[in-house]
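In what follows, a single structure is set out as structure tokens and then discussed.
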Amino acid sequence: MHAVIATATLHDFERARQGLDQMVPTIAQVPGFVTGYWTRSEDNQGLSMVVFESEDAAQQVAERLRSEGPPDPEAVTIDNVEVREVVKSA
């Protein structure tokens with residue numbers, strides 16, 4: 001398995017959450033999707049981890065996120081996107 005790890009700055013949390021409401025169902029339909037978590041810190045830094053069965057699926061989603069960006073770029077700035085191998089889970 002491989003995960004897409006993304007960090008973001010949330011400029012407007014409520015609008016960012018609305019963007020996730022649009023984006024999450026689309027990501028969940030990607031072939032090979034396993035699970036995903038979208039989090040935020042108290043200082044409005046976002047961190048997400050979306051796990052896929054294959055590296056290819058993860059790379060495709062990461063590239064799409066890099067090229068298209070978030071649904072509402074005024075509410076969220078994507079700071080970094082990377083793909084990592086999932087070594088262990090519980």
Between Pro31 and Ala57, which heavy-atom pair has the shortest distance, and what is it?
O-CB, 3.7 Å
Step by step, work out the side chain to side chain contact (heavy atoms under 4.5 Å, CB included) result for Arg40 and Phe13.
CA-CA 9 Å; Arg40 76 165 173 153; Phe13 177 67; 3.2 Å; yes
Verdict with reasoning, His11 to Thr77, per side-chain hydrogen bond (donor to acceptor under 3.5 Å, both in side chains)
CA-CA 8 Å; His11 306 291; Thr77 301; 2.6 Å; yes
Enter the distance from Arg64:CZ to Gln59:CD here, rounded to the nearest 0.5 Å.
15.5 Å
Can you sort out the partners of Thr26 under side-chain hydrogen bond (donor to acceptor under 3.5 Å, both in side chains), two or more places apart, ordered by chain and number?
none
With Glu82 via side-chain contact (heavy atoms from CB on, under 4.5 Å) - residues at least two apart
Ile5, Asn80, Arg84
Between Trp38 and Ile27, does a side chain to side chain contact (heavy atoms under 4.5 Å, CB included) hold up when you go through it step by step?
CA-CA 12 Å; Trp38 291 262; Ile27 291 174; 4.2 Å; yes
Spatial distance of atom CD (Glu14) from atom CZ (Arg17) [nearest 0.5 Å]
5.5 Å
With sequence neighbours left out, write down each residue that passes salt bridge (Lys or Arg N to Asp or Glu O under 4.0 Å) with Glu74, or none if nothing qualifies.
Arg15
So, using side-chain hydrogen bond (donor to acceptor under 3.5 Å, both in side chains) as the criterion, who are the partners of Ser67 when residues are at least two apart?
none
What is the minimum heavy-atom distance between Pro25 and Leu20, and which atoms define it?
CD-O, 4.0 Å
Tell me the closest heavy-atom pair linking Val76 and Pro70, and the distance in Å.
O-CG, 3.4 Å
Side-chain donor/acceptor of Thr39 to backbone N/O of Leu47, under 3.5 Å:
yes
Between Gly19 and Pro71, which heavy-atom pair has the shortest distance, and what is it?
O-CG, 3.6 Å
Can you give me the closest heavy-atom contact between Ser89 and Met1, atom names plus distance?
OG-CE, 4.3 Å
Under the side chain to side chain contact (heavy atoms under 4.5 Å, CB included) rule, what do Phe33 and Val51 come out as? Steps first, then yes or no, please.
CA-CA 6 Å; Phe33 173 84; Val51 179; over 6 Å; no
Would Val34 and Val50 show up in the same hydrophobic cluster when neighbours are defined by side-chain heavy atoms closer than 4.5 Å?
no
According to a 4.5 Å side-chain heavy-atom criterion applied to Ile, Leu, Val, Met, Phe, Trp and Tyr, with indirect links allowed, do Val4 and Val24 form part of one hydrophobic cluster?
yes
I would like to know whether Ser41 and Asp43 meet side-chain hydrogen bond (donor to acceptor under 3.5 Å, both in side chains); could you show each step before the answer?
CA-CA 5 Å; Ser41 64; Asp43 63 347; 2.3 Å; yes
Who are the side-chain hydrogen bond (donor to acceptor under 3.5 Å, both in side chains) partners of Asp79, not counting sequence neighbours?
Thr9
For Glu53, enumerate each residue passing the salt bridge (Lys or Arg N to Asp or Glu O under 4.0 Å) test, keeping only those at least two apart in sequence or located in another chain.
none
Return yes when atom CE of Met49 has more than 12 non-hydrogen atoms of other residues, nucleotides or ligands closer than 6.0 Å, and no otherwise.
no
